[in-house]
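Right, one structure below, let's go through it.
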2 protein chains.
Amino acid sequence: MVKKQLIIDKALELFAEQGFEATSVQQITEKCGISKGAFYLSFKSKGELISAMIDHFMIEITTRIDHVVNNTDDNVLLYTFYYETFQSFQKHSDFAKVFIKEQTHTIDKELLLKISYYHSLFEGAILSIIERVFGEKVKQTKYDLLYCIKSFIGIYTELNLFYNVPLDLQSLAESFVEKTNLLAKHTTIPLISAETVQSMEHPLIEEVKIEKLLEIIEQTIIETKEPIEKESLVLLKQELLEPALSPAIIKGLINNIRNNPDCKWIAYLLLHYFTFKI
Amino acid sequence: MVKKQLIIDKALELFAEQGFEATSVQQITEKCGISKGAFYLSFKSKGELISAMIDHFMIEITTRIDHVVNNTDDNVLLYTFYYETFQSFQKHSDFAKVFIKEQTHTIDKELLLKISYYHSLFEGAILSIIERVFGEKVKQTKYDLLYCIKSFIGIYTELNLFYNVPLDLQSLAESFVEKTNLLAKHTTIPLISAETVQSMEHPLIEEVKIEKLLEIIEQTIIETKEPIEKESLVLLKQELLEPALSPAIIKGLINNIRNNPDCKWIAYLLLHYFTFKI
DNA sequence: TTGACAAATGACCGACTAGTCATCTAGTAT
DNA sequence: ATACTAGATGACTAGTCGGTCATTTGTCAA
């Protein structure tokens, strides 16, 4: 669907300037050079466009960071994480702007749920990095670190996306690594405990259930042309229903699909599903 | 004007939930139990209400933090600053929510200017604290520190205002003081230089000019009943036009007016005007 | 050339918005 | 009792919004 992508692209430009609410469907269709009716042939509603847009970019960003982090040595992990995150945000800067602006501003409950889902994935990634890099040493202060890392990324966001400050991403990442290490090594007064995090009024995030996963896979099997991807998906679906294959084979099958844009989200979900399982 | 205050209070509740745009004048008047017409007797427009609201609370918060900071020893300055800031935000939590949510979201240029004006006052306060506490030692990294302190406050904001996490403000402030000291003492890789800050695309903030100051003072002289305040204002106005009095007398006159709610903003502006001058 | 079908259009709908203004009301002074 | 006035009202205007749908257009095969 090339039309869908056109609408997402043009709408994103407008959203970045004006926000969701202030941007009308009319403005979007004018920028696309299509009629208002044509918009509703691609999306059921304005909300569905926003939802699709968030999925599109967050899948892109999440899978990329995840892949890089999973294939990096512990000693440069923190640096790589910062660097790749900044890279991702820079690449999709319009989207990043919108996402940050709207996260506190949206009223729509389903959208909020979606946003907090991706946020929790991001937090999970940071926590696993903290555990890999610092381990037991930061047992008391790992949530402190989590929030500090998040707010360091926030500094980058503010400077780069909202004030257009030219920044060297490498020295930026280095600087944040230094700060993170300092805080990890010397912090004695914990700020946020595990209980504090528990007590937070998080919106209930639906676990990615196996049924949902199967549904996505089936849909993709139908749409995919490539035979290797198709067969891999069929086998992986079989594995979800009836575990039989060895970890190496599973890993291989996931690797078969992870470079296909239509499959990378499935690859991400399956990877996390099986690592948790095994 | 008790009606004006009623509208500000009720509107703030709605803004905190829904934001400026999503809240209609109708909703506000319904919540106040007044007619739509009555709203426009108190405010020229919806925008003027928002503007007045921001002034009302930011003057409150700014003057309070400024006063506390100016009357605190260097050795507990950082702690006191964090603590008082959190206190202020907690006290005006609805406003804080709105202010944070809307700062990236507003399109209205005049409003943006107002918001960045108060932001720059806040940044100025933090910078002067950094200089007092750490002095020359953080020459290279003082802007790093500025942004870290700002983002620490952002952590508090996120936890307390948006996730309603119960927090002990004292240990929170202690924890942030420790983190700030760590970063100040050991950071070797600067992130943000003075040039970086210069290059930021700040909206042009109008200096508070002497004419504007005189205007506000004259207006307040007319409105004020208290004879001491009135006379102090008259003398201070004279001093602005023709410097004659000694610093001690000026300080005394400012002290005369700074506890009066209608005058505290003038007190703040004059204090900064004269310390810069002398 | 015709018929069939999908793609695209934009006039239209009901619901909402900020802001206005002729009208009304309650309190005071004479 | 009368006249005046400041405050309050809500129907109203002019406009925007998201979304719909009867109609038109373009593209095929027969």
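Convention: sequence-line order gives letters A, B, ...; per-chain numbering from 1.
Picking from C:dA18, C:dA8, D:dA8 the nucleotide with the shortest atom distance to the side chain of A:K3 gives C:dA8. When distances run from any side-chain atom of A:A38 to the nucleotides D:dG18, C:dA8, C:dA18, the shortest one goes to C:dA8. Listed nucleotides C:dG19, D:dC17, D:dG7 differ in distance to B:S45; the shortest reach to its side chain belongs to C:dG19.
The distance between atom CG of B:L49 and atom C1' of C:dA18, rounded to the nearest whole Å, is 13 Å. The interatomic distance linking B:I28 (CD1) with C:dA18 (C1') rounds to 11 Å, in whole Å. Straight-line distance from the CZ atom of B:F39 to the C1' atom of C:dC21: 17 Å, rounded to whole Å. Nucleotide D:dA22 holds its C1' atom 18 Å from the OH atom of A:Y40, rounded to whole Å. For the pair A:L41 CG and D:dG19 P, the computed distance is 14 Å after rounding to whole Å. Regarding B:L6, its CG atom lies at a distance of 16 Å from the P atom of D:dG7, rounded to whole Å. In this structure, A:E30 atom CD and D:dT16 atom C1' are separated by 13 Å, rounded to whole Å. Atom-to-atom, CZ of B:F43 to C1' of C:dG19 comes out at 16 Å; the value is rounded to the nearest Å.
Note: B:Y268 and B:W265 have parallel aromatic rings, judged against thresholds of 30 and 60 degrees for the angle between ring planes.
Using a 4.0 Å cut-off between charged side-chain N and carboxylate O, A:K97 and A:E17 make no salt bridge.
How far SG of B:C263 is from CD1 of B:I217: 9.5 Å, rounded to the nearest 0.5 Å.
Distances shown here put every side-chain N or O of B:S35 at or beyond 4.0 Å from the OP1 or OP2 atom of D:dA8. A:S24 has no side-chain polar atom (N or O) that falls below the 4.0 Å cut-off from OP1 or OP2 of D:dT16. At the phosphate of D:dG10, neither OP1 nor OP2 sits under 4.0 Å from any side-chain N or O atom of B:K36.
Checking A:I8, A:L111, A:V98, A:T23 one by one against A:I50, the side-chain contact (heavy atoms from CB on, under 4.5 Å) holds for a single residue, A:L111.
Remark on DNA chain D: of its neighbouring residues A:V25 and A:G37, the 5'-side contact belongs to A:V25, judged by nearest-heavy-atom nucleotide.
Within the nucleic acid shown, B:T23 comes within 4.0 Å of sugar-phosphate atoms alone, with no base atom in reach, counting heavy atoms only.
A donor-acceptor contact closer than 3.5 angstrom is absent between the side chains of B:Q103 and B:Y118.
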